[in-house]
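Below is one structure, written out as structure tokens; the observations come after it.
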Amino acid sequence: MNSALVQEVIAFTLYLGMMIYVGIRFMGKNSSSEDFFLGGRNLGPWTTALSAEASDMSGWMLMGLPGVAYLTGMKEAFWTALGLEIGTYLNWLIVAKRLRTYSITCKNSITVPEFLTNRLRDGKHIISAISALFIVLFFIVYTASGFVACAQLLKTVFDLPYVCGLVIGMVVILLYTLLGGFSAVCTTDFIQGTLMFIALILTLGIMAVVMGGPAQAVEKVSAFGSQFLNPFSSSGSDGFNAMSIVSALAWGLGYFGMPHILVRFMGIRSNKEIKISRRIAMIWVTIAMFSAMLVGAFAKAYLNVPLAEGKHETVVIATILQTYQPFIAGIFLCAVLAAAMSTADSQLLVAASAFTEDFCQTILHKKFESKTMLRVCRLTVLAIALIAFVIALDENSSIFGLVSYAWAGFGATFGPLVLLALFWKRLTAKGAIAGLVAGGVTVVAWHLIPADVNAIFGLYEILPGFIICLLVSVVVSLIDKPNPDVVEEFEAYEAALKE
């Protein structure tokens, strides 16, 4: 083992050890499922903001997004990032305060399915059953993308066998998630979000300086195509057209239905701190996404050795290895690992909460003691991680593709319902059930139909799924008779918001 590799191993070991230590620190602070899944609703604004954005962006931002920019230029990367930027802002602006307030009003709901069930007085718990099914399904896919990112990183840096990297990533994520629950996950996400932010900004700055300054960097990259850095190019010769732009912007719709992000809103300490969190989150996400795109695009001219075909998602890894001395490179490469971990841990926790809170307790009517409930929670986290591990065994898996599918699934099934539940008093349980099924089925079916059947199927599945879920929910609710108690509670909740 050479000196450079030893330094990188030390950096990784220190980082992974710190993540496990955080889990151990919070281990004794989980006395109930509310503590394990929501941290007792005691998150501060900084932790809320950075944990929400770190868990949101995942390995997608440090591997998927820069990989797209490296491979095809700024077009798809820019419009996707813009859609996410708009979605992030609107989610914080119109959802965060209302969801926190209403989830407490609705019997102190600690999961999104539980909130919808209590909000709509679904006595048969059909909403919980269907929601739990979709959450577990799509989060298994999403978690698999995080495991893939960990494995690709460790393989590229240490030349470890892919499966070995997969096991290491999964074991570390499981350790601190199982030990510390929501509080540990949010604390590690805060650390990981900070590391991702610093690594991206510093790396982009060094790249620009090495290439002779920003203007010279743009000139060198433009040699690969005059429109490579132009997201507004009207040329359709590269296959990126108006429908592609609509599909990219539609990513923003996903935010309204992401359980692992929405649960941060429910866990913040007070409504007054939401505005502070929103500002922190927007600064972080704007700078981080812009930097990630430019690192990927500039690497086209910056890297001494072009990436092999199919390896474009390792562009940030290759750039960091070329830029820094081994120990510093090891520290910053942990940012890539952090991106994957910060989402996988949150997804495991939310999927487990869907099974234990919304399936075992609500549907099966299994009332456990606090300690027994925590054991069930942890066993569920382990089971979901193992299934995701099996999916991630495919070494040719695309991080961007896995995230895209799972993102559409959540955005189309839960997004319209969360918005309607918070803003429309006429939503009924039957309308929500019909919308859930319609949105979820549309996403799965649209994803499976090849684009060559008809051009319309080239549209990102989140958009038709979202629209169909919204329309079906509204139509069925208008046909259905509203529950007077639900309407009365909604009016009281709206009045409380205005105080």
Side-chain angles (χ1 to χ4, degrees), residues 59-60 63-84 87 134 137-138 140-142 144-145 148 152 224-228 230-254 257 293 296-297 300 307-315 391-413 415-416 437-472:
W60 175 88
M63 296 185 79
L65 184 65
V68 169
Y70 176 87
L71 188 66
T72 63
M74 290 292 281
K75 255 190 181 179
E76 183 175 359
F78 171 83
W79 291 106
T80 301
L82 180 61
L84 292 171
F134 280 127
L137 169 66
F138 289 120
I140 285 173
V141 176
Y142 215 147
S145 73
V148 170
Q152 288 188 2
F224 291 91
S226 59
Q227 303 301 323
F228 191 80
N230 182 9
F232 303 99
S233 169
S234 59
S235 170
S237 59
D238 56 2
F240 197 84
N241 49 32
M243 184 181 291
S244 303
I245 292 176
V246 171
S247 292
L249 289 172
W251 276 74
L253 294 174
M293 285 189 295
K300 198 81 173 178
L307 296 175
E309 185 177 352
K311 297 297 182 182
H312 57 281
E313 290 190 331
T314 64
V315 61
I391 294 174
L393 284 172
D394 180 5
E395 193 170 344
N396 296 317
S397 297
S398 163
I399 296 168
F400 194 90
L402 288 170
V403 171
S404 172
Y405 182 37
W407 188 267
F410 286 120
T413 50
V437 174
V441 170
T442 300
V443 167
V444 174
W446 204 278
H447 182 78
L448 293 174
I449 299 173
D452 54 14
V453 171
N454 189 289
I456 192 65
F457 292 109
L459 190 67
Y460 182 26
E461 55 264 27
I462 193 173
L463 189 56
F466 192 97
I467 293 171
I468 289 173
C469 176
L470 183 65
L471 290 177
V472 170

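All values below were derived from every heavy atom in this structure, side-chain atoms included, with hydrogens, water molecules and symmetry-related copies excluded.
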Shortest non-hydrogen contact from A412 to C469?
O-CB, 3.2 Å
What distance do K311 atom NZ and L71 atom CG have between them, rounded to the nearest 0.5 Å?
14.0 Å
Give the ring-plane orientation class for F134 versus F138, where under 30° counts as parallel, over 60° as perpendicular and anything between as tilted.
parallel
Return the OH to CH2 distance between Y460 and W407, rounded to the nearest 0.5 Å.
8.0 Å
Minimum-distance pair of heavy atoms, taken over all atoms of G439 and T413:
C-CG2, 3.9 Å
On a heavy-atom basis, which atom in A69 and which in M293 lie closest, and how many Å separate them?
CB-O, 3.5 Å
Do the side chain of T442 and the main chain of G465 share a donor and acceptor less than 3.5 angstrom apart?
no
Just by distance, do the side chain of W446 and the backbone of L463 share a donor-acceptor pair under 3.5 Å?
no
Start with the C-alpha distance between T314 and Y70, add both sets of side-chain angles, then the distance that settles side chain to side chain contact (heavy atoms under 4.5 Å, CB included), and finish with yes or no.
CA-CA 10 Å; T314 64; Y70 176 87; over 6 Å; no
Nearest non-hydrogen partners of S397 and Q152, listed with the distance:
O-NE2, 3.7 Å
Would you give the length of the straight line joining atom CD1 of I462 to atom NE2 of H447, rounded to the nearest 0.5 angstrom?
13.5 Å
Between atom CG of L137 and atom OH of Y405, what is the distance when rounded to the nearest 0.5 Å?
6.0 Å
Which heavy atom of G67 sits nearest to which heavy atom of V315, and what is that distance?
N-CG1, 3.8 Å
Separation of E461 CD from L448 CG (nearest 0.5 Å)
9.0 Å
Taking atom CG of L253 and atom CD1 of I467, what is their separation to the nearest 0.5 Å?
8.0 Å
Can you find a heavy atom in the side chain of W79 that is under 4.5 Å from one in the side chain of S247?
no
Testing the basics here: between A144 and L402, what is the closest heavy-atom pair and its distance to 0.1 Å?
C-CD1, 4.3 Å
Below 4.5 Å, heavy atoms only, C-beta onward: do F457 and P450 meet side chain to side chain?
no
How about N230 and F78: do any of their side-chain heavy atoms sit closer than 4.5 Å?
no
